[in-house]
Protein chains: 2
Amino acid sequence: MIPLSRKSPVSPERCNLARAVNEIGDRWTLLILRSALYGLRRFDDFQSELGTPRTILSGRLRSLVETGLLEKKMYKVEGKRARPEYVLTEKGEALRPVLIALTQWGDVWLDSDSLPPVSFTDMQSRQSVRTAFVTAEGREVPSENLRIVLRR
Amino acid sequence: MIPLSRKSPVSPERCNLARAVNEIGDRWTLLILRSALYGLRRFDDFQSELGTPRTILSGRLRSLVETGLLEKKMYKVEGKRARPEYVLTEKGEALRPVLIALTQWGDVWLDSDSLPPVSFTDMQSRQSVRTAFVTAEGREVPSENLRIVLRR
DNA sequence: ATGCATGAGTTCGTCTTCCAAATCCAGCCT
DNA sequence: AGGCTGGATTTGGAAGACGAACTCATGCAT
């Protein structure tokens, strides 16, 4: 069990985790990102999948564009007029491992009875895949062996 | 770039990611968990570190106990009265890799100029550590090689 | 041209949640 | 008794969430 502390080693203002939480740590934002990572791009597709109130959705999409997680582009299908679509940027796509890790946490701790509806495998070996900590050259480090290092 | 889809392969109701978001996907909840993972346990310590309104904090702590992420225990220091403390359960502790992954996302995408204030190393080799996907036996799989598998 | 369909929003009134400050409460101290 | 301390609830006002209806632009059919 982690030892008692009265104060975090990094204040929330300087902490990149806290900053990340301020940027994306909100129910609708996270659900929108989830759908976006599954390939959704259009306003009404997000709306009908998630049931987000349209007014909220429009605001959240705007801030996701402002923070650079989504990019607003125009698409045009033959015979229809041009409409916006919201596609993940590199920054947004970089959240995929985080959200997969959270999915796997949910698989274990929220629904351990049934088999998870989605899982992830290596395209090549077809083995199933989990998130873990690795060194620079890719050797796994068990999480008990992690040590926090503060920059002086 | 991920191909357009009009609908996620798993509906939000069945999705463990969406469920996880419903359980912890809220600003204060995530910030409380961050502090808890750094060892904070006491009401006033959370309150003064995060500035959470006391009324909100008390509600969030209660639901974190209800969902089994924190456990409410009593502690007693000599000469003071017994007080509650909120310690991470195994389920809560299991979120650590997820939040470390999010921290590292923040290091790269929110604050790439300065060096991150905290980093993580392997206790043994002292090498720095990142999150990645690995197979069962711990071989790293690059994220481009991931494939989603739906359970039939 | 007129009318209709479509997708992406906005407007509006209501209702919930958030918030800060003050207050309460229990137990331990002198 | 009286004061202190840390955990928590009460209160009234502010902010944000919500659902329904409406707007707006464009392309298509008549």
Side-chain angles (χ1 to χ4, degrees), chain A residues 4-7 12 18 21-33 35-36 39-67 70-88, chain B residues 4-8 12 18 21-33 35-36 39-67 69-88:
Chain A
L4 172 68
S5 155
R6 310 295 310 276
K7 193 153 133 326
V21 166
N22 283 322
E23 192 159 309
I24 63 165
D26 142 297
R27 213 178 98 76
W28 289 123
T29 302
L30 286 166
L31 291 173
I32 291 165
L33 286 171
S35 294
L40 270 67
R41 295 182 194 167
R42 322 233 252 233
F43 190 96
D44 274 15
D45 292 343
F46 289 115
Q47 205 282 320
S48 66
E49 173 157 302
L50 299 172
T52 317
R54 307 177 78 76
T55 139
I56 305 296
L57 180 57
S58 122
R60 292 296 196 280
L61 289 174
R62 189 167 343 105
S63 23
L64 283 165
V65 170
E66 272 164 19
T67 54
L70 297 179
E71 189 185 356
K72 185 172 184 171
K73 298 182 169 178
M74 289 294 169
Y75 73 94
K76 180 146 177 27
V77 294
E78 167 59 26
K80 304 264 179 174
R81 84 175 199 263
R83 297 184 175 288
E85 65 181 359
Y86 299 90
V87 303
L88 284 167
Chain B
L4 173 68
S5 155
R6 310 293 313 275
K7 193 152 134 325
S8 296
V21 166
N22 283 323
E23 191 159 310
I24 63 165
D26 141 293
R27 214 180 98 75
W28 290 122
T29 302
L30 286 166
L31 290 174
I32 291 165
L33 287 171
S35 295
L40 271 67
R41 295 181 193 167
R42 304 186 183 166
F43 190 95
D44 273 15
D45 292 342
F46 289 115
Q47 205 282 321
S48 66
E49 173 156 303
L50 300 172
T52 317
R54 308 178 78 75
T55 147
I56 305 295
L57 180 57
S58 124
R60 292 296 196 280
L61 288 173
R62 190 171 339 106
S63 25
L64 283 166
V65 170
E66 272 164 20
T67 54
L69 287 154
L70 296 179
E71 189 185 355
K72 184 173 185 171
K73 297 182 170 178
M74 289 295 170
Y75 73 95
K76 179 146 177 24
V77 294
E78 170 57 26
K80 306 264 178 174
R81 82 172 201 265
R83 298 183 177 289
E85 64 180 1
Y86 300 89
V87 303
L88 284 167

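Atom set for the values below is all heavy atoms of this structure, side chains included, hydrogens, waters and symmetry mates excluded. Just so we're on the same page: letters track the sequence lines, and every chain starts at 1.
To the nearest angstrom, P of C:dG7 lies 13 Å from CD of A:Gln47. Atom pair A:Met74:CE and C:dG7:C1' shows a separation of 12 Å (rounding to whole Å applied). Taking atom CZ on A:Arg81 and atom P on D:dT23, their separation rounds to 16 Å, with Å as the unit. In this entry the distance linking CG of B:Leu64 with P of D:dG7 reads 16 Å, nearest Å. Spacing between atom NZ of B:Lys76 and atom P of C:dG27 amounts to 11 Å, rounded to whole angstrom units. Nucleotide D:dA20 holds its C1' atom 14 Å from the CD1 atom of A:Ile56, rounded to whole Å. Separating the CG atom of B:Asp44 from the C1' atom of C:dC25 is a distance of 14 Å, rounded to the nearest angstrom. Note: CD (B:Glu49) to P (D:dG6) measures 17 Å, nearest angstrom.
Within the nucleic acid shown, A:Phe46 has no heavy atom closer than 4.0 Å to any nucleic acid atom. Among the atoms of the strands shown, none is found under 4.0 Å from any heavy atom of A:Arg27. Heavy atoms of B:Tyr75 sit under 4.0 angstrom from primed sugar atoms or phosphate atoms, though from no base atom.
In the set D:dA8, C:dA20, D:dG6, the nucleotide with an atom closest to the side chain of B:Phe43 is D:dA8. For B:Arg83, the side-chain atoms get nearest to D:dG7 when compared with the rest of C:dG7, C:dG27, D:dG7.
Taken to the nearest 0.5 Å, the CG atom of A:Leu61 stands 9.0 Å off from the OG1 atom of A:Thr29. One distance of note links CG of A:Leu64 with CD of A:Glu23; it measures 8.5 Å at 0.5 Å rounding.
Regarding contacts with the backbone of D:dG16, every side-chain N or O of A:Arg60 stays at 4.0 angstrom or more from both OP1 and OP2. For the OP1/OP2 pair of C:dG9 and a distance below 4.0 Å, the side-chain nitrogens and oxygens of A:Lys72 include at least one atom meeting the criterion. Regarding contacts with the backbone of C:dC18, every side-chain N or O of B:Trp28 stays at 4.0 angstrom or more from both OP1 and OP2. For B:Arg62, a side-chain nitrogen or oxygen approaches OP1 or OP2 of D:dT9 to under 4.0 Å. Neither OP1 nor OP2 of C:dA20 sits under 4.0 Å from any side-chain N or O of B:Thr55. Using a 4.0 Å cut-off, some side-chain N or O of B:Tyr86 falls inside it from OP1 or OP2 of D:dA8.
Shortest non-hydrogen contact noted between A:Pro84 and A:Tyr75 is O-CE2, 3.4 Å.
When each of A:Glu78 and A:Thr52 is assigned the nucleotide of DNA chain D bearing its nearest heavy atom, the one mapping closer to the 5' terminus is A:Thr52. Closest-nucleotide positions on DNA chain D for B:Lys80 and A:Asp26 were compared, and the one nearer the 5' end corresponds to B:Lys80.
Here the side chains of B:Lys72 and B:Tyr86 are in contact, with some heavy-atom distance below 4.5 Å.
Between the side chain of A:Glu85 and the main chain of A:Arg42, no donor-acceptor pair closer than 3.5 Å is present. For the pair A:Glu49 (side chain) and B:Ser8 (backbone), a donor-acceptor distance under 3.5 Å is present.
Not a single donor-acceptor contact under 3.5 angstrom links the side-chain atoms of B:Arg54 to the base of D:dT9.
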